[in-house]
Amino acid sequence: MDNKEILENTYRVSYDSAKKYVEQGNLAAAKNALKKALSAAIKLAEQSRGAERERYKKNAVTVSDLLESVNNKMDGAASAVKAKPTERKKAEEPIKPRSPEKPLPPITVEEALAKLNELEGLSKVKEQVKKLVAETKVSELRKSRSLKVRVKTHHLIFTGNPGTGKTTVARIMADIYRALGILSKGHLVEAKRADLIAGYVGQTAIKTQEVIDSALGGVLFIDEAYMLYKKDNDKDYGKEAIDTLLKALEDNRDDFVVIVAGYADDMREFFEANVGLMSRFRTEIEFENYNGEQMFNIFANMCKSSQYVLTGGAEKNLRAFFDRLYAENGGKKDFANARTVRNAFDLIIEHQDLRIAEMGGNISNDVLMTITESDLIGLDTASVK
């Protein structure tokens, strides 16, 4: 028998034996048999494709449900109220973006780079992306002429604080790779630890693979990727997700890109602990914090898009506020950048709403649109973090 036949036989025999042991009340033997069945089902799912793969995945979930039930009984928790397996699975399956049913509209590299250049700040990011585009263009040209090409992966590491535009740039990178012909679809699938890690033995590989499958042909963007690895917890299921991701990177080299993001120090620790990932992610792009002027410009753009205008006094005070905010928090690890600007914007609009609601008579559009100095009262660096 080949390896697959051996696994199928192991699964069938172990699962049938487990059911008999459960009927007999021999829970310890049932648990051991179910572990063997689950291991075989997961390996079969990893080695299969299409409808056959889906069948093995369902088998793995079924075995996992029974194993959990056995564990509960062994722990003396049989009488505790438990969610039905179908309910539990629904609760732990997040809504994930799927690969687009219809092709995305055509885009050129120049159009994608124009979208990048419209973003506030990010000068170093823009320069690095420009270099990546140049390298890729030349590599593709050399390949078309049958010349040797440097082996280089397209996977990227984004490091920096929250609110610095990493997700937006990841979406633009998906457009660029699609325009260059690197990706067939060029869509972006966003994921975090909760989207990849299951709370039950054996389900993490299946859950992670489902997210990967939805991203094939495009970019999988994993924010806070360092959360997948918990060095002080040997029983954490994050390693299973990382191993599944590694296999996907190997199996789908030509039409799949992964971008991982997080704080610089945490990401370095993450890669040091997962040597297999280091060789596949060779390009790091650092996202710097926005300074005071850039945060004011982001605020001004929010006003413009929402049809608000600032009085001269309000603008002066806001510029001073964002300069102070950057001076006090710009060097901190948890500085939230554009998210902090959004918090400030929301707080100021709340103040304006209260002010206008107390006004009598006819209220003009100019009044509705204008943010005054009085709307900034109570705004401080602590209130918008």
Side-chain angles (χ1 to χ4, degrees), residues 97-160 163-190 214-223 252-261 280-291 293-305 337-338 341:
R98 293 294 176 181
S99 108
E101 294 180 3
K102 295 180 180 180
L104 294 170
I107 190 169
T108 65
V109 174
E110 289 70 27
E111 289 170 337
L113 287 174
K115 292 196 315 188
L116 178 66
N117 289 328
E118 287 174 1
L119 300 177
E120 181 64 36
L122 305 178
S123 58
K124 289 185 178 180
V125 172
K126 293 170 183 176
E127 186 63 31
Q128 214 161 344
V129 171
K130 185 178 177 181
K131 290 179 181 178
L132 283 174
V133 170
E135 288 177 5
T136 305
K137 279 185 172 180
V138 173
S139 292
E140 291 301 306
L141 184 59
R142 288 180 62 88
K143 188 187 296 183
S144 69
R145 305 284 177 83
S146 299
L147 296 172
K148 290 184 178 180
V149 178
R150 284 191 304 156
V151 177
K152 187 169 184 178
T153 70
H154 299 293
H155 310 301
L156 301 171
I157 309 166
F158 286 0
T159 58
T164 47
K166 294 189 288 293
T167 304
T168 301
V169 175
R171 190 170 288 109
I172 293 173
M173 288 306 306
D175 286 338
I176 289 173
Y177 284 144
R178 174 162 59 97
L180 289 169
I182 303 299
L183 296 173
S184 60
K185 297 177 183 176
H187 61 295
L188 182 80
V189 173
E190 299 176 47
S214 74
L216 294 179
V219 172
L220 174 58
F221 177 69
I222 306 177
D223 197 11
N252 304 280
R253 293 183 179 184
D254 299 327
D255 199 17
F256 178 51
V257 169
V258 176
I259 300 176
V260 292
R280 292 166 174 82
F281 291 83
R282 300 179 183 177
T283 303
E284 177 181 342
I285 298 180
E286 180 184 0
F287 287 68
E288 295 182 324
N289 287 332
Y290 293 116
N291 61 31
E293 181 181 357
Q294 290 165 344
M295 283 190 285
F296 173 79
N297 290 340
I298 292 170
F299 186 95
N301 285 331
M302 290 179 180
C303 288
K304 183 178 180 180
S305 63
N337 291 279
V341 178

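In this chain, numbering begins with 1 at the start of the sequence shown.
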Going by side-chain hydrogen bond (donor to acceptor under 3.5 Å, both in side chains), name the residues that satisfy it together with [X], two or more places apart in sequence or in a different chain.
X: Lys130; result: none
X: Asn301; result: none
X: Glu127; result: none
X: Thr136; result: none

| query | Under the salt bridge (Lys or Arg N to Asp or Glu O under 4.0 Å) rule, what pairs show up with a residue in residues 168-178, not counting sequence neighbours? | reply |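 Non-adjacent pairs meeting salt bridge (Lys or Arg N to Asp or Glu O under 4.0 Å): Lys115-Asp175, Arg171-Glu190, Asp175-Arg178.
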| said: Can you see whether Ser184 engages Asp255 through a side-chain donor-acceptor pair at a distance of less than 3.5 angstrom? | reply: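 Yes, because at least one side-chain N or O of Ser184 sits under 3.5 Å from a partner of the opposite role on Asp255.
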Flag side-chain contact, heavy atom, 4.5 Å: [X] against [Y]:
X: Ile176; Y: Leu113; result: yes
X: Phe221; Y: Lys166; result: yes
X: Ile285; Y: Leu132; result: yes
X: Gln128; Y: Glu286; result: no
X: Leu119; Y: Val169; result: yes
X: Met173; Y: Val219; result: no

| Set of residues satisfying side-chain contact (heavy atoms from CB on, under 4.5 Å) with respect to Asn117, sequence neighbours excluded |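 Expected list: Lys126.
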Euclidean distance, [Y] [atom2] relative to [X] [atom1], rounded to 0.5 Å:
X: Thr283; Y: Ile157; atom1: OG1; atom2: CD1; value: 8.0 Å
X: Thr153; Y: Arg280; atom1: OG1; atom2: CZ; value: 9.5 Å
X: Leu116; Y: Glu111; atom1: CG; atom2: CD; value: 14.0 Å
X: Leu183; Y: Leu104; atom1: CG; atom2: CG; value: 11.0 Å

How far apart are the closest heavy atoms of [X] and [Y], and which atoms are they?
X: Val109; Y: Lys137; value: CG1-CE, 4.3 Å
X: Ile298; Y: Ala338; value: CD1-CB, 4.4 Å
X: Ala174; Y: Gly186; value: CB-O, 3.3 Å

Could you list the residues that satisfy salt bridge (Lys or Arg N to Asp or Glu O under 4.0 Å) with [X], not counting sequence neighbours?
X: Glu140; result: Lys143
X: Lys124; result: Glu288
X: Arg282; result: none

| field | ring-ring contact (aromatic ring centres under 6.0 Å, His included) contacts in which one or both residues fall within residues 117-154, not counting sequence neighbours | value |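 Matches after skipping sequence neighbours: His154-Tyr177.
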| field | Contacts of type ring pair (Phe, Tyr, Trp, His ring centres under 6.0 Å), residue Phe281, not counting sequence neighbours | value |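 Scan of Phe281 (ring pair (Phe, Tyr, Trp, His ring centres under 6.0 Å), adjacent residues dropped) gives His155, Phe271.
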| Which residues share a ring pair (Phe, Tyr, Trp, His ring centres under 6.0 Å) with Phe296, sequence neighbours left out |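 So Phe296 forms no ring pair (Phe, Tyr, Trp, His ring centres under 6.0 Å) with any residue.
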| said: Between Asn337 (side chain only) and Asn289 (backbone N and O only), is there a donor and an acceptor less than 3.5 Å apart? | reply: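 The answer is no, because no donor-acceptor pair under 3.5 Å joins these two groups.
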